[in-house]
Amino acid sequence: MSDTCIFCRIVAGTIPATIVASSDTAMAFRDLSPQAPVHVLVIPRRHTASLADAVDAAELGAVLALAAEVARIEGVAESGYRVVTNAGPEGGQTVSHLHLHVLGGRQMHWPPG
Ligand code: DGP
């Protein structure tokens with residue numbers, strides 16, 4: 001846990017968030033600035049700065065599994081959805097705690113910006 005990390009503080013409950021799902025390893029909550037009708041962030045509870053720093057395959061699997069569960073909960077598993085992680089400055093990462101964006105509820109386009 002990092003006291004200066006926003007997402008660690010959401011895990012600790014000291015910053016409010018709308019929780020969508022959680023497990024022992026991971027947590028899912030609504031993005032503060034949604035880019036689609038469904039926009040949920042899925043994070044490992046344990047602080048990891050980005051995918052570039054991830055070393056625990058089981059933890060990554062749990063995060064990905066929770067993303068799929070979020071899609072089911074949000075009702076987009078059948079219609080389709082996108083899972084994205086931004087890593088580092090050129091990847092567009094602004095919060096240095098590994099997170100998957102689960103986006104859905106509208107048509108996604110490619111390539112992303
Ligand atoms: P990224 O740019 O990939 O690092 O995405 C960070 C996302 O985190 C961005 O879509 C906005 C969201 N976000 C930033 N601060 C907060 C917060 O305090 N609460 C919630 N729920 N989302 C946040």
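Atoms within each ligand, like the ligands themselves, are counted from 1 in listed order.
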Review point. Of the backbone atoms (N, CA, C, O) and the side-chain heavy atoms from C-beta on, which set of L41 has a member under 4.0 Å from an atom of ligand 1: side chain, backbone, both, or neither?
Key: side chain
Revision key, fill the gap. Logged contact type for Q35 with ligand 1, heavy-atom cut-off 4.0 Å, is neither
Practice item. Answer side chain, backbone, both or neither: which part of I10 comes under 4.0 Å from ligand 1, heavy atoms only. Key: side chain
Exercise for review: Examine I6 against ligand 1 and note whether any of their N/O atoms are separated by less than 3.5 Å.
Suggested key: no
Practice item. Compare every heavy atom of G104 with every heavy atom of A36, then report the nearest pair and how far apart it is. Key: CB-O, 3.5 Å
Exercise for review: Using a strict 4.0 Å cut-off to heavy atoms of Q93, name the atoms of ligand 1 that fall inside it.
Suggested key: 4 (O)
Check your understanding: Taking N or O atoms only and a 3.5 Å limit, does T94 qualify as a polar contact for ligand 1?
Key -> yes
Practice item. Just need the protein heavy atom nearest to atom 23 (C) of ligand 1, so name the residue and atom and give the distance. Key: L32 CB, 3.6 Å
Check your understanding: Do W110 and R82 come close enough that some side-chain heavy atom pair is under 4.5 Å?
Key -> yes
Check your understanding: What heavy-atom pair brings I73 and A21 nearest, and what distance separates the two atoms?
Key -> CD1-CB, 3.8 Å
Review point. Counting N and O atoms only, with roles assigned by atom type, does the side chain of E74 sit under 3.5 Å from a partner on the main chain of V76, one being a donor and the other an acceptor?
Key: no
Practice item. Compare all side-chain heavy atoms of I6 with those of I15 and state whether any distance is below 4.5 angstrom. Key: yes
Practice item. May I ask you to identify the nearest protein heavy atom to atom 21 (N) of ligand 1, giving residue, atom name and distance to one decimal place in Å? Key: R30 O, 2.8 Å
Study note, to complete from the structure: Near D31 (heavy-atom distance under 4.0 Å), the atoms of ligand 1 are 7 (C), 8 (O), 9 (C), 10 (O), 11 (C), 12 (C)
Practice item. Test L51 against L98 for side-chain contact (heavy atoms from CB on, under 4.5 Å), laying out the working first. Key: CA-CA 6 Å; L51 189 60; L98 172 63; 4.1 Å; yes
Practice item. Before giving the answer on side-chain contact (heavy atoms from CB on, under 4.5 Å), spell out for H101 and T85 the whole-Å C-alpha distance, their side-chain angles and the decisive distance to 0.1 Å. Key: CA-CA 6 Å; H101 296 257; T85 190; 6.0 Å; no
Practice item. Do me a favour and list the nearest non-hydrogen protein atom to atom 1 (P) of ligand 1 with residue, atom name and distance? Key: H99 NE2, 3.1 Å
Practice item. Considering non-hydrogen atoms only, spot the tightest contact between L103 and Q35 and give its length. Key: CD2-CB, 4.3 Å
Review point. Do you know the tightest heavy-atom contact between H97 and H47?
Key: ND1-ND1, 3.3 Å
Review point. Are any of the N/O atoms in G92 less than 3.5 Å from those in ligand 1?
Key: yes
Study note, to complete from the structure: ligand 1 to N86, heavy atom cutoff 4.0 Å, flagged ligand atoms 1 (P), 2 (O), 3 (O)
Review point. Which heavy atom of the protein is the closest neighbour of atom 14 (C) of ligand 1, given with residue, atom name and distance?
Key: V95 CG2, 4.0 Å
